[in-house]
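Numbered from 1 within each chain, the chains take letters A, B, ... in sequence-line order.
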2 protein chains.
Amino acid sequence: MAEIPTLRQLTYFIAVAETLSFGKAAARCCVTQPTLSEGLHTLETLLGAPLFTRTKRTVALTALGQELVLPARDIVLRAEDFVQLAQMKRAPFTGTLRIGVIPTIAPYLLPALLPALQTQFPALELQLKEDVTAQLLSALNQHLLDMVLMAFPYDTPGNTQMKLWSEPFMIAMPGNKPLREDLASLSDLSRHNVMLLEDGHCLRDHALAACRLQTGQQRTFGATSLATLIQMVQHGYGATLLPAMAVSHQTLPPGVMIQRFANPQPSRQIGLVWRHGHPRENEFRTLGEMIAKMHEDR
Amino acid sequence: MAEIPTLRQLTYFIAVAETLSFGKAAARCCVTQPTLSEGLHTLETLLGAPLFTRTKRTVALTALGQELVLPARDIVLRAEDFVQLAQMKRAPFTGTLRIGVIPTIAPYLLPALLPALQTQFPALELQLKEDVTAQLLSALNQHLLDMVLMAFPYDTPGNTQMKLWSEPFMIAMPGNKPLREDLASLSDLSRHNVMLLEDGHCLRDHALAACRLQTGQQRTFGATSLATLIQMVQHGYGATLLPAMAVSHQTLPPGVMIQRFANPQPSRQIGLVWRHGHPRENEFRTLGEMIAKMHEDR
DNA sequence: TTTATTAATAGGAAAATCCTATTTAAATCA
DNA sequence: TGATTTAAATAGGATTTTCCTATTAATAAA
C-alpha cells in the first residue's frame with residue numbers, strides 16, 4: 001500500500017497556492033499559521049521536493065507546485081462532492097443548495113419560485129446569491145455555488161447547460177397606453193434613444209446582439225437595475241429593451257408603453273448551469289423541469 | 001468549509017466493500033479489525049446513513065454503499081496517482097515502475113531491453129510480472145501494474161494503447177535446414193498438423209485470426225510455452241506458428257525449419273497499454289519509443 | 001535604526017488513530 | 001440440544017497526529 005497524502009495537507013497546499021501567504025491560507029483553513037506550516041512541511045517531505053520557494057517575506061510556487069495544484073484541487077473537490085453525493089442518494093432534495101441568480105431574473109422569478117420550491121421540498125434549504133453572470137460562474141467553478149440560473153447564449157466551459165425557455169425582448173417607450181397593438185421591427189429601434197444596463201449585465205449584451213445594435217448607438221446611463229431604466233423611460237429620457245419577465249411581473253408605471261416585436265422576436269434564453277458531473281445533477285434536472293413548468297403555467 | 005471524509009476512511013470502506021469482511025479488510029489495510037470497525041463507523045456517522053448491513057455474521061453493502069464504492073475508489077486512486085505524478089515531475093524515470101509482460105514476448109525482448117533500460121535510467125527500478133493478457137489487464141486496472149507490454153489486436157477499454165511495431169508470424173516445421181527459401185501461403189497451412197499454445201495465450205488467438213484457421217483444425221497439446229512447441233516440432237509432431245521474435249532470438253534446435261509467409265504476411269502487433277490519464281504517461285511514451293527503436297536496431 | 005510583517009521553530013495540549021482484550025451474536029458441529 | 005467456532009462490536013488505554021500558544025528569525029518598510 002503506497003504512502004498517500006492527507007486531504008488536509010492537500011487543502012493546505014491549495015490554500016497557500018491560491019493566497020500565496022501562509023497566514024491567509026491558515027485563516028481560510030481555520031487553523032493557525034504554524035499548524036499549516038507544519039502540515040505543508042510533512043507533505044513536502046512525503047513528495048520529496050518543495051512545493052514553494054520561501055524567501056521569508058514572499059511565497060511562490062515551485063515548478064513542481066505549479067503542476068500539482070490542479071490535481072490536488074481535483075482530489076479535494078471530489079472528496080467534497082462525495083459527501084454531497086451521499087446526501088443526495090440518501091435523501092434527494094434535502095440539505096443545502098446554493099443557487100446563483102442574475103439580477104435581471106431574480107426579482108421576477110424568485111417571488112413565485114421560492115414558495116413553490118419550499119412547498120414541494122420542505123427539507124431543501126436554498127441559499128441564494130444575486131450577481132452578474134461572470135461572478136456567479138466564477139463562484140460556481142470554485143464550488144461556492146451548486147447551480148446558476150442565468151440567461152443564454154453564454155459560453156460556460158466545463159459546465160452543463162440546461163435551457164429552460166426562450167424569452168422575447170420588448171420595447172418600453174414613453175406613451176399613454178400600456179400596450180401598443182402594432183408590432184415593432186428591429187429597424188424601428190433607430191428612432192429611439194435606446195438605454196441599457198451598465199456593462200457587466202448579460203442583458204445588455206443579449207439585447208445588443210439580439211437586436212443587432214452597435215455598442216455606441218445608445219446611451220447607457222450606467223443603470224444598475226431594470227427598475228431604474230423603467231423610471232427613466234417614464235420620464236421621457238428614451239426607450240429601453242425589457243425581457244418579457246419584467247413586463248409581465250412588474251406593474252409598469254403610467255407613461256410607459258410596451259411594444260412587442262414582429263416575428264422572429266429577438267430573445268434571450270433562460271436556463272440553468274452546473275458543474276459537469278455534479279453529484280446532484282439529477283436533482284438539478286428535476287428542479288429545471290419544475291421551474292420550466294411553473295413558468296409555462298404562469 | 002464542508003466536512004469531508006478522510007482518505008483513510010474511504011480506504012476502509014473500499015476494502016470492506018471488496019472483501020465483504022471486516023477482518024479481511026482490516027488485514028489488507030494493515031490495521032486491526034476494531035480500528036477499521038471504528039473508522040467505518042465515523043464515516044457512516046459523517047454521511048448520516050449506513051454503508052453496510054451487518055448481520056453479525058455476514059456483511060453486505062446497502063444501496064447507498066453500492067452507489068458510493070466507485071466514487072470512493074476514484075478519490076483514493078487519484079490520491080495515489082498524485083504521489084506518482086509528483087515523483088514523475090520531480091525526477092522523471094526514477095522510482096518504481098511495475099510492468100506486466102506476456103509470456104510470448106518476455107523471454108525474447110527482456111534480455112535485451114532490461115540492461116538497456118538500466119543503462120539509460122539507472123534510477124528506475126523495474127518490477128516485472130509475467131502473465132497472460134487478461135490477468136495483466138486486470139492487475140493494471142486494479143492499479144497493481146503501471147504498464148503492460150502485450151500484443152494486439154486486443155480490446156482494452158479505459159486504457160491507452162501505444163502500438164510499437166508489427167510482427168509477422170512464421171511456420172516452424174520439421175526439416176533439415178534452418179530456413180526454407182520459398183514463401184508459404186495461408187493455404188499451405190492445411191498440409192500441416194498445426195499445434196498452438198493452450199487457451200488463454202493471446203498468441204493462440206492472434207495466430208488463429210491472422211492465419212484464418214478454424215479452432216478445431218489443429219491439436220493444442222496444452223503447450224504452455226513456445227519452447228515446448230518447438231520441441232514438439234523437432235520431434236515430428238507437426239508444425240506451429242511462431243512470432244518473428246521467437247525465431248530471431250532463440251537458437252532453433254536442429255530438425256526445425258522456418259518458412260516465411262508471402263505478403264501480406266499474417267502478423268500481430270506489439271505495443272504498450274496503460275490507464276488513461278496515468279500520471280507517468282509522458283514517461284511511458286518515451287519508453288515506448290525507446291523500445292521500438294531498440295527493436296528496429298536489433 | 002526601528003517597526004511591522006511573515007514564516008519557522010519549540011513545547012505542550014487536545015484529538016485522532018490504533019492497539020489489546022473482551023463481549024456479543026450467529027452459524028456450525030457434535 | 002449444547003458446545004464450538006467465527007466475526008463484528010465494545011471498552012479501555014497507548015501512541016501518534018494534529019493543533020495551539022509563544023517565541024524566534026528574517027526581511028521589508030518607515
Task: Between P of dA16(C) and CG of Leu46(B), the distance in whole Å - done: 12 Å
TODO: Measure from CD on Glu44(A) to C1' on dA8(C) and round the result to the nearest Å.
DONE: 12 Å
Open item on the list: Taking the basic N atoms (NZ, or NE/NH1/NH2) and the acidic carboxylate oxygens, is any pair closer than 4.0 Å for Arg78(B) and Asp74(A)?
Closed with: yes
Open item on the list: Could you tell me how far apart Phe22(B) (CZ) and dT10(D) (C1') are, to the nearest whole angstrom?
Closed with: 13 Å
Task: Glu38(B) CD - dA15(C) C1' separation (whole Å) - done: 12 Å
- [ ] State whether Arg204(B) and Asp199(B) are salt-bridged, where the test is any N-O pair (Lys NZ or Arg NE/NH1/NH2 against Asp/Glu carboxylate O) under 4.0 Å.
- [x] yes
TODO: Select base, sugar-phosphate, or nothing to describe what Tyr12(A) touches, counting heavy atoms under 4.0 Å on all strands.
DONE: sugar-phosphate
TODO: Name the orientation class of the two ring planes belonging to His278(B) and Phe284(B) (parallel below 30°, tilted from 30 to 60°, perpendicular beyond 60°).
DONE: tilted
Open item on the list: Side chain of Thr6(B), heavy atoms from C-beta onward: which of dT17(C), dC18(C), dA21(C) has the nearest atom to it?
Closed with: dT17(C)
TODO: Verify whether one side chain among Thr35(B) and Thr32(B) offers a donor that lies under 3.5 Å from an acceptor in the other.
DONE: yes
- [ ] Take atom CG of Leu36(A) and atom P of dT9(C), then tell me their distance rounded to the nearest Å.
- [x] 14 Å
Open item on the list: Under 3.5 Å, is there any donor-acceptor pair linking the side chain of Gln33(A) to the base of dA8(C)?
Closed with: yes
Open item on the list: Does dC18(C) have its OP1 or OP2 closer than 4.0 Å to a side-chain nitrogen or oxygen of Thr32(B)?
Closed with: no
Open item on the list: How many whole angstroms separate atom CZ of Arg8(B) from atom P of dT17(D)?
Closed with: 11 Å
Task: Presence of Ser37(A) side-chain N/O under 4.0 Å of dA8(C) phosphate oxygens OP1/OP2 - done: yes
Task: Atom-pair distance (CZ on Arg54(A); C1' on dA25(D)), nearest Å - done: 15 Å
Task: Check: Thr42(A)/Glu38(A) side-chain N/O donor and acceptor closer than 3.5 Å - done: no
TODO: Rounded to the nearest angstrom, tell me the gap between atom CD in Gln9(A) and atom C1' in dC19(D).
DONE: 14 Å
Open item on the list: At 4.0 Å (heavy atoms only), tell me whether Ser21(A) reaches a base, stays on the sugar-phosphate, or touches nothing.
Closed with: sugar-phosphate
